[in-house]
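We're numbering straight along the sequence, starting at 1.
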Amino acid sequence: MSQSVGAALLRPAVRLEAARAADIAVGQIGGLPQLSADVEWPSREGHGPHSFIASVDCTSLRVGALDIMLPIEGTLSFFYFGGQLDDGEALVLADDCESSAGACVLYTPAEEECGERDAPAGLQPYPKVPLTTLLGLTTAEPWHPQVRDACAPGAPLWNRYDHSVRSQEFLDALPEFDTEVGHHIGGRAHSVQNPVDIEVAGAVMAGRCPRATWPSITRPATGRCSLSSTVTMPPT
């Protein structure tokens, strides 16, 4: 495999795994978030409050090993409108800009004083699982645009192309390298259908969503960052 193809297939990621007793916890899935007193619990207008999903301490993430931009300290807290209050009726979709308000990431500076916040009425917190990290590599599907450009420059996006990465032998071997479908920061997403990059780019190019929507970043006067989505556009 050429170096250009390998670079297109692989990206570094910090895997989030359940911490054992001897591990250093760098965050949590579920439970309750640590928020400062003046921060409102995220909500989706017309629908209700988000569920708290997870939080991570950026100081412990080894962000310098990743190829995405993240704070080097402070805490990222992830929230999502997961359907507890409406039986899953309201969805968050890449091609529906208004629905992006259903996902939120709050950044809390390391020096800010915080406390555990109870969930709003009607929300049942998910079971708390402390997290530790493991640095590793993630793979892209052979039909990802960056892989296609490295293997068959100029080939139409959805057409098959002639290269060994499209062979059945390679497709069968690829899951053996990257078998863990779970939570990670950075790297390649394990897509359910199309690569996430294509779905987001398609919405932008079709004019359904402005480029700044995925993600959009605002910086309130307090210095906090709030992102409308956890989707990260890949480096070009």
Sequence neighbours excluded - ring-ring contact (aromatic ring centres under 6.0 Å, His included) pairs with any residue from residues 16-36: none
How long is the gap from CG on Leu35 to CZ on Phe79, to the nearest 0.5 Å? 5.0 Å
Distance in Å, Leu131 CG paired with Leu61 CG, rounded so as to fall on 0.5 Å steps: 10.0 Å
Just wondering, more than 12 heavy atoms not from Glu113 lying within 6.0 Å of its CD? no
In sequence, state the C-alpha distance, the side-chain angles, and the governing distance for Thr108 and Gln34, and then conclude on side-chain contact (heavy atoms from CB on, under 4.5 Å). CA-CA 9 Å; Thr108 304; Gln34 297 281 334; over 6 Å; no
Taking Thr132 for its side chain and Ala19 for its backbone only, find out whether a donor-acceptor pair lies under 3.5 Å. no
Partner set under salt bridge (charged side-chain N to carboxylate O under 4.0 Å, His left out) for Asp86, not counting sequence neighbours: none
When you group the ILVMFWY residues by side-chain heavy-atom contacts below 4.5 Å and let the links chain together, are Ile68 and Leu16 in the same group? yes
Within a reach of under 6.0 Å around CD1 of Ile72, are more than 12 heavy atoms found that belong to other residues, nucleotides or ligands? no
Ser55 side, atom OG; Leu32 side, atom CG - distance, nearest 0.5 Å: 10.5 Å
Approximate separation, where rounding is to 0.5 Å, of Leu70 CG and Ile185 CD1: 6.5 Å
For residues 117-126, which side-chain N or O atoms pair as donor and acceptor with protein atoms under 3.5 Å away, sequence neighbours left out?
from: Arg117; atom 1: NH1; to: Val39; atom 2: O; distance (Å): 3.1
from: Arg117; atom 1: NH2; to: Ser36; atom 2: O; distance (Å): 2.8
from: Arg117; atom 1: NH2; to: Val39; atom 2: O; distance (Å): 2.9

